[in-house]
Each structure stands twice: as C-alpha cells, then as structure tokens.
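What you are looking at is a predicted structure, and each value in this text was computed from that prediction instead of being measured.
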Amino acid sequence: MSTDVDAGRSGLDLGDGWTRRWTVSWQADGDDASCSVHDLVQEPVLTGDPMRHFTWRRDQRHRPGLQFLTSTGRHHGAESLEESRVLLALDFAGDVIDVVSQPLKISFATCGKRRAHTPDYLAVTRRGVWLIDVRPEPLIKESDRESFAAAAEVAVACGWRYGVAARWREHAFAGLDAMASRRRLRSDPLGLRPLLLAEAGGGRRFGELAAATGCEPAARAQLLHLLWSRQLGVDLAGPLQDRSLVMPAAEAGR
C-alpha cells in the first residue's frame with residue numbers, strides 16, 4: 001500500500017523554471033550521464049545501470065539480494081526484504097516489461113538548500129512507467145517525505161506515475177509468496193492443468209477444485225501456477241485459503 005507524499009511538497013522550490021534547475025544523473029554502460037528534468041524525457045534512462053552497488057557485510061541491518069522476475073527473465077537488485085517483496089509484487093501484477101533498480105539520482109532544490117534522492121525502482125509496464133520508492137511506514141522521516149515529493153514531481157514532469165510502497169495488508173504477501181513458489185513450474189506430467197481450467201468454470205473453491213482432480217497435492221501446486229500466470233483468477237482482497245473462490249481469468253476480470 002502506498003503512502004501520501006503531499007506532506008513533503010511545501011518545502012520544495014517549484015517556482016518558474018524548476019524543471020531546468022533540478023537535475024537528474026544516471027549510469028549508462030559504466031559512464032556518468034546527467035541532464036535537467038526538462039530534458040529527461042528525451043534521455044534513455046530506462047536502459048541505465050543501478051546508481052549504487054548492492055553490497056553485503058556481516059554487521060548490516062538490512063538484507064540486500066537479487067530477485068528473479070519471470071516477466072523480465074533476469075535478476076534485479078534489492079537492498080532489503082521489503083524491496084524484494086515489491087519486486088515480487090511487480091512480477092505478479094503483470095504487464096511488466098522491464099525494471100531498473102536505483103535508476104537515477106535526483107538533485108532538487110528546497111527552500112534554502114539543495115538535496116539529492118535516489119528512488120528505488122523504475123518499472124516499465126505496458127500501461128505506463130512507474131517510479132517507485134520503498135520505505136516501511138514506521139521508518140519514514142520528514143526528510144523522506146520531502147524526497148518522495150520531489151520524486152513525485154519529477155515523475156509527473158516525465159509523464160510517469162509515482163508511488164511509495166510503505167506497508168502491506170496483513171494477508172497480502174502470504175498469498176503472493178505462495179503463488180510465487182510455483183511460478184516457474186513448467187511441467188504438468190499428470191495433465192492436471194486442462195482439468196483444473198475446465199473445473200474452475202463458473203467458480204469453485206480452491207480446496208474443492210484441488211480435491212476434484214483425485215491428485216490433490218499435485219493439483220495444489222498446479223493451481224498456484226495457474227493463479228500466478230493469470231490463467232485463473234482469485235480475489236486477493238482476503239487471504240488465499242481453501243475457501244477462496246477460483247474462476248477462469250476472463251470471468252474474474254468482469
């Protein structure tokens with residue numbers, strides 16, 4: 001779930017010509033590049049390299065790593081478990097074309113000083129481009145809100161959308177993680193997928209649908225794969241469980 005960024009906007013220098021005063025820098029093939037926000041839309045930022053390296057050491061309090069996305073076919077860097085969760089959610093949300101970790105650094109003006117901020121992700125989807133920051137809500141400071149507001153202004157200037165991933169509904173990630181565990185399930189030796197797709201017509205409970213195949217353990221794994229790949233749909237407003245109603249994706253989208 002996102003958080004409101006308007007609270008940090010009051011301290012920003014957004015007077016006439018701000019898009020020419022604010023600058024953006026990024027890495028491309030190992031070289032530094034920069035331009036004004038005004039000129040950013042014409043630059044190939046989407047193909048850039050991460051602004052910072054993802055480092056590991058014994059005493060650090062966060063857990064960096066690499067998250068594989070089926071939508072892009074490669075690994076993407078994350079500086080924390082929260083960022084890994086956001087990458088997983090982007091992968092499931094569908095329509096993702098590419099994701100760039102720490103895509104650019106924004107140098108922006110406030111009332112009296114100049115600051116810099118590096119958003120966490122730039123996600124290119126078939127429905128538009130998202131600039132994303134990830135910060136657990138209890139850890140957000142006033143300076144963070146100002147940085148988020150600055151990133152939001154840059155996104156709007158470029159025709160992108162912006163969001164801060166700040167918290168999860170309690171049940172959300174458990175269901176997402178369950179489906180992700182079977183996202184790369186390629187084989188169907190028992191031929192259960194056609195049966196599950198047919199049996200789900202009109203809507204069936206998850207547990208009933210798995211039991212109807214006569215091979216429940218394998219059917220559960222295939223059901224999770226079909227849900228991840230959007231061949232079947234389920235209402236994720238509540239926890240994913242045996243009584244969750246599963247239906248063909250075309251019916252779920254109505």
Task: Intermediate values then yes/no, side-chain contact (heavy atoms from CB on, under 4.5 Å), Leu131 and Arg161 - done: CA-CA 6 Å; Leu131 190 63; Arg161 301 180 70 180; over 6 Å; no
Open item on the list: Could you walk me through whether Tyr121 and Gln102 satisfy the side-chain hydrogen bond (donor to acceptor under 3.5 Å, both in side chains) test, starting with their C-alpha distance in whole Å, then the side-chain angles of each, then the deciding distance to 0.1 Å, before giving a yes or no?
Closed with: CA-CA 5 Å; Tyr121 295 108; Gln102 299 180 350; over 6 Å; no
Task: Check against side-chain contact (heavy atoms from CB on, under 4.5 Å), Leu139 and Glu82 - done: CA-CA 12 Å; Leu139 302 182; Glu82 289 296 319; over 6 Å; no
Task: Evaluation steps, side-chain contact (heavy atoms from CB on, under 4.5 Å), between Ile132 and Leu90 - done: CA-CA 11 Å; Ile132 301 170; Leu90 285 171; 4.0 Å; yes
Open item on the list: Please determine whether side-chain contact (heavy atoms from CB on, under 4.5 Å) holds for the pair Leu87 and Val99, giving the CA-CA distance in whole Å, both sets of side-chain angles, and the decisive distance to 0.1 Å.
Closed with: CA-CA 9 Å; Leu87 285 174; Val99 176; 3.8 Å; yes
Open item on the list: Test side-chain hydrogen bond (donor to acceptor under 3.5 Å, both in side chains) on Asp133 and Tyr162; report intermediate values, then the result.
Closed with: CA-CA 8 Å; Asp133 272 303; Tyr162 176 75; 2.5 Å; yes
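Looking at every heavy atom in both residues, Leu190 comes nearest to Cys215 through CD1-SG, 3.5 Å. Here the shortest heavy-atom pairing between Ala221 and Arg182 reads CB-NE, 3.4 Å. Closest approach of Ala219 to Leu192, counting heavy atoms only: N-CD1, 3.7 Å. The minimum heavy-atom distance between Ala149 and Gly8, with the atom names listed, is CB-C, 3.6 Å. Contact record, Ala109 with Arg114: CB-NH1, 3.8 Å, taken as the closest heavy-atom pair.
For the side-chain hydrogen bond (donor to acceptor under 3.5 Å, both in side chains) test, residues two or more places apart in sequence or in another chain that qualify with Arg127 are Asp95. Applying the ring pair (Phe, Tyr, Trp, His ring centres under 6.0 Å) criterion to Trp130, with sequence neighbours excluded, gives no partner residue. Among residues two or more places apart in sequence or in another chain, the side-chain contact (heavy atoms from CB on, under 4.5 Å) test is passed with Ala89 by Trp168, Leu176. For Arg135, the salt bridge (charged side-chain N to carboxylate O under 4.0 Å, His left out) partners are Asp144, not counting sequence neighbours. With sequence neighbours excluded, no residue forms a side-chain hydrogen bond (donor to acceptor under 3.5 Å, both in side chains) with Glu208. Listed by chain and number, the residues in a side-chain contact (heavy atoms from CB on, under 4.5 Å) with Cys35 are Trp26, Asp39, Leu40, Glu43 (sequence neighbours excluded). By the side-chain hydrogen bond (donor to acceptor under 3.5 Å, both in side chains) test, Asp32 is found to be paired with Gln27, residues two or more places apart in sequence or in another chain being considered. Listed by chain and residue number, Gln231 satisfy the side-chain hydrogen bond (donor to acceptor under 3.5 Å, both in side chains) test with Ser229 (two or more places apart in sequence, or in another chain).
Within the 4.5 Å cutoff, side-chain heavy atoms of Phe206 are placed close to those of Leu224. Side chains of Val24 and Val37 form a contact here, defined as non-hydrogen atoms less than 4.5 Å apart. Contact of the His38 side chain with the Thr23 side chain is not registered, since no non-hydrogen atoms from C-beta on lie closer than 4.5 Å. A 4.5 Å side-chain heavy-atom check between Ser10 and Glu146 finds every atom pair outside the cut-off.
In this structure, the separation between CD1 on Ile140 and CD on Glu137 is 6.0 Å, given to the nearest 0.5 Å. The OG1 atom of Thr118 sits 6.5 Å away from the NZ atom of Lys105 when rounded to the nearest 0.5 Å. Interatomic distance, Ser25 OG to Leu104 CG, rounded to the nearest 0.5 Å: 7.5 Å. Taken from CG in Leu12 to SG in Cys111, the straight-line distance is 8.0 Å, to the nearest 0.5 Å. Taken to the nearest 0.5 Å, the CG atom of Asp177 stands 11.0 Å off from the CG atom of Leu240.
Without hydrogens or angle criteria, Ser107 side chain to Ala116 main chain gives no donor-acceptor distance under 3.5 Å. Of the possible polar contacts, none joining the Thr213 side chain to the Leu209 backbone as a donor-acceptor pair under 3.5 Å is found. Side chain of Ser187 to backbone of Pro189: no donor-acceptor contact under 3.5 angstrom is found.
For residues 8-23, the set of pairs meeting the salt bridge (Lys or Arg N to Asp or Glu O under 4.0 Å) definition, not counting sequence neighbours, comprises Arg9-Glu153, Asp13-Arg21. Applying the salt bridge (Lys or Arg N to Asp or Glu O under 4.0 Å) rule to pairs touching residues 214-234 yields Glu216-Arg220, Arg220-Asp242, sequence neighbours excluded.
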Name the atoms and distances for all side-chain donor-acceptor pairs under 3.5 Å in residues 195-202, with sequence neighbours left out.
| unit_1 | atom_1 | unit_2 | atom_2 | d |
| --- | --- | --- | --- | --- |
| Glu199 | OE1 | Arg204 | NH1 | 2.8 |

In a table with atom names and distances, give each donor-acceptor pair under 3.5 Å that connects a side chain of residues 64-73 to protein atoms at least two apart or in another chain.
| unit_1 | atom_1 | unit_2 | atom_2 | d |
| --- | --- | --- | --- | --- |
| Thr70 | OG1 | Asp91 | OD1 | 3.2 |
| Thr70 | OG1 | Asp91 | OD2 | 3.0 |
| Ser71 | OG | Asp91 | OD1 | 2.7 |
| Thr72 | OG1 | Arg74 | N | 3.4 |
| Thr72 | OG1 | His76 | NE2 | 2.8 |

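Ser244 and Arg205 are not linked by any side-chain donor-acceptor pair at a separation below 3.5 angstrom, with hydrogens and angles left out of the test.
Leu122 and Ile97 end up in the same hydrophobic cluster when Ile, Leu, Val, Met, Phe, Trp and Tyr side chains are linked at under 4.5 Å. Under the 4.5 Å side-chain heavy-atom criterion for Ile, Leu, Val, Met, Phe, Trp and Tyr, Met179 and Leu185 are members of distinct hydrophobic clusters. Val156 and Phe148 fall into different hydrophobic clusters, where Ile, Leu, Val, Met, Phe, Trp and Tyr residues are linked whenever their side-chain heavy atoms come under 4.5 Å apart, directly or through other members. By the rule that hydrophobic residues join a cluster once side-chain heavy atoms approach within less than 4.5 Å of another member, Phe173 and Leu227 end up as members of one cluster.
Summarising the local packing, CZ of Arg243 is surrounded by 12 or fewer heavy atoms from other residues, nucleotides or ligands at distances under 6.0 Å.
Ring pair Trp228/Phe92 is tilted by interplanar angle, where 30° to 60° counts as tilted.
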